[in-house]
2 protein chains.
Amino acid sequence: MAAARELTSSTISADLAEQLSQAIIKGDIAQGSKLSEPELARRFGVSRGPLREAIVRLEGMGLVTRQPNVGARVIRLTVEDVAATFAIREALEGMAARLACSAATDAELADLQALLDQHEAELAASGDGHYADQEGNYDFHNRIIRASHNEQLISLLGDELYARIRMYRQQTADHRTDPRQALREHRMIVDALVNREADLAEMLMRRHISRSQRLLEVYLRESVG
Amino acid sequence: MAAARELTSSTISADLAEQLSQAIIKGDIAQGSKLSEPELARRFGVSRGPLREAIVRLEGMGLVTRQPNVGARVIRLTVEDVAATFAIREALEGMAARLACSAATDAELADLQALLDQHEAELAASGDGHYADQEGNYDFHNRIIRASHNEQLISLLGDELYARIRMYRQQTADHRTDPRQALREHRMIVDALVNREADLAEMLMRRHISRSQRLLEVYLRESVG
DNA sequence: CTGGCCCATATTGTCGACAATATAGGCCCA
DNA sequence: TGGGCCTATATTGTCGACAATATGGGCCAG
């Protein structure tokens, strides 16, 4: 369960939203479990006011569902939800890649290439380091999303969608993605960006995401049933 | 400014969120204006507790921005924002059309065709009825979105994106979309759905949205500058 | 006269308490 | 013994008040 440490972002409500979302993503607060306001308020040492505001935020992030006069429950991830989330992700990140083709600065593209070089080095060194524990993967996708320079898109993917995606990853042990294959696909995407080939970049990104979706779904079906 | 009527959805907070979002979309609460909690609480005859929760919801919808210890302001729509919003809309509704190709039931497709028949009749009757005051247009898009049977996509487009889109439409007098052209494009999209041609449906939907984006941007540039 | 500091004021953030609704358990009756 | 009602309890929703922070205006120095 969640501890009671703080982050102090000048407002308790924002801190609580951050802590609770992380706890849900990591699975410290179990799927389907009820968020009891008195219990959480006591544990975090705050009143119910800011806690309720944080829960409203969680609902907006799609991490909990609420019923009036009943309360909030953590969402329960189903195989269908994975498909739904990844369809959205495919559409939005594909668009991000397209936009990045026009909007990305040369510096951003250089950073992307440097990042992949680093990943390649790490991969060669650690043999099979799971591609930097997935964090490198997130970093790559995040940079392309930011390179779209579309603030709404950045916030939509960052605040809402990736919360659920991280939740899948964190809570489903591991998924059999080949780091070398992922790196190859990342390379191809960056090449398309560098050459400013919008159609190609979007298509490659969509295929890349679609592939990782299939891998995740295969794993879910054979593990959960 | 906003009145003080109610909708009674069993919780004040939800009612307030609904009322405030509508007021912002219609422009009753001006762009860039500050949402004063004491003033709104007094006007609606409620305490600041549920009001603050409603404001958090509005922030999640992207209708207001908040600064800690300062307050919430209604977003200000810029020409760049239109482009950003429509890029997201194009990606998501394109995906919705694609998904609807597999997921839509025959009944849903029949309803869509009936809807377009009705639109055609109204158009022929009223000569130039602006395609049912845009509501018919929203209805068409909404049905396709729902036909995707992707709950997350439905909620994302319905709760967040369409709030901003309606805000553009409502607050920019009129935009010179040709109702007959729109109807033709709608027909083509539905034909693709009926024939279950996913690639074509997505492409047509994206072009349809992209076109309406360009029309709106032209209008904004020559009216606002 | 202008710029910066300081204080009064208003607004936001947080809290504890009350009201209203849902939930669980026992009790009554068939 | 089983099912339904009803009450006791706990939880959610709402309120008013207090604390902390930002805002605006006046005052003083240069």
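Atom set for the values below is all heavy atoms of this structure, side chains included, hydrogens, waters and symmetry mates excluded. These numbers come from a predicted model, not from an experiment. Just so it is clear: chains get the letters A, B, ... in the order the sequence lines come, proteins before strands, and each one is counted from 1.
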Whole-Å gap separating [atom2] ([N]) and [atom1] ([X]):
X       : N      : atom1 : atom2 : answer
A:Arg73 : C:dA22 : CZ    : P     : 16 Å
B:Glu37 : D:dA17 : CD    : C1'   : 15 Å
A:Phe44 : C:dG13 : CZ    : C1'   : 19 Å
A:Glu39 : D:dT11 : CD    : P     : 9 Å

Give a yes or no on whether a salt bridge exists between A:Arg166 and A:Glu135, defined as a side-chain N under 4.0 angstrom from a carboxylate O. yes
Quick check for you: among D:dC15, C:dT14, D:dT11, whose closest atom lies nearest to any side-chain atom of A:Ser13? C:dT14
Under 4.0 Å between any heavy atoms, over every strand shown, what does A:Leu16 touch: base, sugar-phosphate, or nothing? Just pick one. nothing
Under 4.0 angstrom, heavy atoms only, what part of the nucleic acid is A:Ser10 near: base, sugar-phosphate, or nothing? nothing
Whether B:His141 and B:Tyr162 hold their rings parallel, tilted or perpendicular, with breakpoints at 30° and 60°: tilted
Close residues, residues 47-70 of chain B, relative to DNA chain D [heavy-atom separation under 4.0 Å]: B:Ser47, B:Arg48, B:Pro50, B:Asn69, B:Val70
Given D:dT12, is OP1 or OP2 found less than 4.0 Å from the side-chain N or O atoms of A:Lys34? yes
Taking only residues two or more places apart in sequence or in another chain, which ones pass side chain to side chain donor-acceptor pair (under 3.5 Å) with A:Arg42? none
Check: B:Val82 main-chain N/O paired with B:Thr85 side-chain donor or acceptor under 3.5 Å: no
So, the side chain of A:Arg73 versus the backbone of A:Gly32: is there a donor-acceptor pair under 3.5 Å, distance only? yes
Cut-off 3.5 Å, side chains only: do B:Arg89 and B:Gln213 have a donor facing an acceptor? no
